[in-house]
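Order of the sequence lines sets the chain letters (A, B, ...), proteins ahead of strands, with each chain counted from 1. Side-chain atoms are counted along with the backbone in the values below, which use heavy atoms only and exclude waters and symmetry mates. Keep in mind that what you see is a predicted model, and the values were worked out from it rather than measured.
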2 protein chains.
Amino acid sequence: MSAILSRTKAADDLRAFSRSLPMALLKAREAVMARFRPLLREHDVTEQQWRALRALTTVEGLRAGELARLSCISMPSLSRILKTLDKRGLIARSSEDSDQRAVNIAISDEGRRLVARIGPHSEQRYADIAEAFGARRLEALYAELDALTSCLAVDGEIPLPDED
Amino acid sequence: MSAILSRTKAADDLRAFSRSLPMALLKAREAVMARFRPLLREHDVTEQQWRALRALTTVEGLRAGELARLSCISMPSLSRILKTLDKRGLIARSSEDSDQRAVNIAISDEGRRLVARIGPHSEQRYADIAEAFGARRLEALYAELDALTSCLAVDGEIPLPDED
DNA sequence: GCAAGAAACATAACATGTTAAATATTAACA
DNA sequence: TGTTAATATTTAACATGTTATGTTTCTTGC
């Protein structure tokens, strides 16, 4: 019976372990990304490269720090990613006149074409997810995720974009 | 006025961009992990090492593949992590008699002591999050995340642990 | 039994995450 | 003005994620 008891205890602990918030978020993200990764891979861009390019299509001429915040990529990673995107001719970098430290980044025509090629497919996959899970339900999940994020945000932290 | 128009358009696109499910999940996860990382760092374990150790306390004697699934770590990563944990004397590896390919992994006494030291603090941070966000609300979020994950799971995919 | 295929891990190669430190430039201020 | 502190970005070092491939060990069909 000790065997049974310990087995039961193990099962309970396991359930507790599986009920970890970071892991729940990780699994959900992984499930979502599984729908996008093949598409991005077909076009030889990584998830992060895609996020950066996508952000660059929304605002012309971003500074590195701004891009990092918008695309949720850490500066060290972004620094490497920009090097790659630059080599591939998908972006252009230029230093700012008013502040020589700053780097201005703009998407190139080729980068824009790449986004234009991938974009529609990405939107389609996104629509598939919304349909499978329920559009309304998905909106509610967004709201809860945003709430959790801002609820846990420390003062010095990056806030969510204004929801005016 | 063209400037105003383009600015408005950019703002709209930006909002659409920020409304990306992968990024919402990423931000939420990041906000949560920000509460745990300092603790883990204090004890010189990474997030993934912690997940592996924690899983190993729930079931004695796991095979590598099982541990990978339970802790949501890919086999290549786990392979490296186990090497590290082994070197640090936190786990023990042994080959299985019935199947020479399989590797049995067990947490060591020292590993168990480490988990015992960190565990309570981790639980405390977890409780803090539950209090800040609302315990009930957090449970609901779990349920939605699990639902999203299984909703998007492809057939060959790893299912969620049984919720009997 | 044995050869072909599957399974369980390990390794390799490249990209990214995380932390700390370096570099260059600007701002602040005594 | 010159020295110090702060800012923007980069680089370094190490750990992990992702994909592909290698290795060993079962399994299966013949």
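Backbone-only engagement by Thr46(A) is indicated by non-hydrogen atom pairs under 4.0 Å involving sugar-phosphate atoms exclusively. As judged by a 4.0 angstrom heavy-atom cut-off over every strand, Arg41(B) is placed among residues touching the sugar-phosphate backbone only. Counting non-hydrogen atoms under 4.0 angstrom, Arg93(A) reaches the backbone sugars and phosphates but no base. Contacts of Leu78(A) with the nucleic acid, taken as non-hydrogen atoms under 4.0 Å apart, are absent. If you check every strand for non-hydrogen atoms under 4.0 Å, Arg37(B) touches sugar and phosphate atoms only. Nucleic acid contact class of Glu47(B) (heavy atoms, under 4.0 Å, all strands): none.
Nearest-nucleotide positions on DNA chain C for Ile81(A) and Ser79(B) put Ser79(B) closer to the 5' end. The residue among Leu26(A) and Lys83(A) whose nearest nucleotide of DNA chain D is located toward the 5' end is Lys83(A).
Distance Gln49(A) CD to dA15(C) P: 8 Å, rounded to the nearest Å. In this structure, the CZ atom of Phe36(A) is 21 Å from the P atom of dG17(D), given to the nearest Å. Atoms CG (Leu82(B)) and C1' (dA10(C)) sit 11 Å apart, rounded to a whole Å. Here the C1' atom of nucleotide dA15(C) and the CG atom of Leu85(A) are 12 Å apart, to the nearest Å. Spacing between atom CD of Glu66(A) and atom P of dT7(D) amounts to 16 Å, rounded to whole angstrom units. Per the geometry, CZ belonging to Arg80(A) stands 10 Å off C1' belonging to dT11(D), to the nearest Å. With rounding to whole Å, Arg101(A) atom CZ is found 12 Å from dA5(D) atom C1'. The distance from atom CD1 of Ile105(A) to atom C1' of dA8(D) is 11 Å, rounded to the nearest whole Å.
Counting only N and O atoms by type, the side chains of Ser98(B) and Glu96(B) include a donor and acceptor under 3.5 Å apart. In summary, the side chains of Ser77(B) and Arg80(B) do present a donor paired with an acceptor at a separation below 3.5 Å, with no hydrogens or angles considered.
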Test log, rule side chain to side chain contact (heavy atoms under 4.5 Å, CB included), inputs Leu85(B) and Ile81(B)
CA-CA 6 Å; Leu85(B) 294 178; Ile81(B) 290 170; 3.8 Å; yes

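Contact check, Gln100(A) against dT9(D): no side-chain N or O comes under 4.0 Å of OP1 or OP2. Within the structure, a side-chain polar atom (N or O) of Gln48(A) is placed less than 4.0 Å from OP1 or OP2 of dG17(C). The phosphate of dT16(C) (OP1 or OP2) has no side-chain N or O of Ser77(A) nearer than 4.0 angstrom.
Rounded to the nearest 0.5 Å, atoms CE (Met23(B)) and CD (Glu30(B)) are 12.0 Å apart.
Using a 4.0 Å cut-off between charged nitrogen and carboxylate oxygen, Arg29(A) and Glu47(A) count as a salt-bridge pair.
The side chain of Pro76(A) approaches dT19(C) more closely than any other nucleotide in the set dT18(D), dT19(C), dC9(C).
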